[in-house]
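Input: a single structure, listed below in structure tokens.
Remember, it's 1-based here, ligands and their atoms both numbered in the order they're listed. All of these numbers come straight from a predicted model, not from anything done at the bench.
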Amino acid sequence: MKARFSVTIIAAVAAFVLGVTGASAAELSPKAINAALDAAYEKYRGLQEGKNADYIPALAKVDPELYGIALVTTDGKVFTKGDVGSEVSIQSISKVFTMAKVIEERGPDAISGNMGVDATGQVFNSIVAIEQHKGAEMNAMVNPGAIAATSMVAGASREEIWNKILAYYSDFAGRKLTVNQEVFASEAATNQRNQAIGRLMYAYGHIKDNPDQATDIYTEQCSVNVNAKDLATMAATLANGGRNPVTGKQVLNSAYVPNVLAVMATAGLYDDSGQWLYQTGLPAKSGVGGGIIAVSPGRFGIAVISPPLDAAGNSVRAQKAIADISKALGGNPYAVTVRK
Ligand code: GLN
């Protein structure tokens, strides 16, 4: 009796330690997750750094105080803190899921062989980066590669392509997503630079046909509304081998998940991707709407929304909150324990 009692105690202590330091989703305790979310929320709530994107006029009007955190484990548990009801436009986070769609339809070589999978070291809408390698050696996380990826989604009409893209994002989020029409109209009226990027990628042969349609669909995909829980579920689907852990639907072939995560790791935070990976080890993707998603493979997906951005275009609070939470939960996939 006594022996059994101590075994139970040891198991409970081990479970607690694993819950704090992290090992796999099943071992993360809800208490540890909630504590990590609460701590990061409180720590950065008053932070006043950064500024909303304003080159898309509608984004300048979004409440800069909006601050929501969500974490979804690979066993389908959802944890939230702060403002998780409010939606922002997904912006560049969409690039991950359109690239995933192209890989699903055409295989990984379609992406590496067309726009490439290397970091540009330049801002996300750099034209210099295109010129440097004639649109190759690019990646699908920056605008030229992303517009080219959108142009590669198969479909007989704009409508068919668009419906496929929106349905695909919705499968990742586990609910039917919609477009923020105000943001779409605002960006469509001011996206002359992206139109130039699309045409340049066409000139270099990375877009085969109709670059203006590709830029227009890309602009619409960036305008899809999401809340923190949607984004965390999308990230958790990647963390869970392409199967949405909440709905159970296999959205992306698990064989392709490593390809998607690799490009996120290389270029998800643009020219600050190295900095980010050095600190967190997490494949991630930011958007100028203020969202960031990050994936701890096999463990959880996390998302934070907070509109003020740093100079590279990444949400200031989101970077800090995700880094803290992942550290508290042992989310870094490179941080392994020594085999004894
Ligand atoms: N729609 C935005 C653009 O093309 C997306 C940029 C971003 O989120 N970094 O400029």
Any N or O of F124 closer than 3.5 Å to N or O of ligand 1: no

Ligand 1 atoms in contact with Y55 (distance to a heavy atom under 4.0 Å): 2 (C), 3 (C), 5 (C), 6 (C), 10 (O)

With E160 via salt bridge (Lys or Arg N to Asp or Glu O under 4.0 Å) - residues at least two apart: none

Side chain, backbone, both or neither: I93 near ligand 1, heavy atoms under 4.0 Å: neither

Sub-3.5 Å N/O-N/O distance, Q91 and ligand 1: yes

Nearest-option assignment for atom 7 (C) of ligand 1, heavy atoms, candidates S92, A53, S223: S92

F97 and Y168 aromatic centres sub-6.0 Å: no

Residue, atom name and distance, where the atom is the protein heavy atom closest to atom 9 (N) of ligand 1: Y270 OH, 2.5 Å

I147 with V102, same ILVMFWY side-chain cluster at under 4.5 Å: yes

Those atoms of ligand 1 less than 4.0 Å from some heavy atom in G287: 8 (O)

Per-atom contacts of ligand 1 with Y218, taking only distances under 4.0 Å to non-hydrogen atoms: 1 (N), 2 (C), 3 (C), 4 (O), 5 (C)

Salt bridge (Lys or Arg N to Asp or Glu O under 4.0 Å) between R317 and E65, intermediate numbers included: CA-CA 10 Å; R317 276 190 192 133; E65 293 304 322; 3.4 Å; yes

Per-atom contacts, ligand 1 versus C222 - under 4.0 Å to a heavy atom: 1 (N)

Nearest-0.5 Å distance, CG of residue L47 to NZ of residue K320: 6.0 Å

Pair R175 + E87: basic N to acidic O under 4.0 Å: yes

N125 near ligand 1 by a heavy-atom separation under 4.0 Å: no

E159 and K164 ion-paired at < 4.0 Å: no

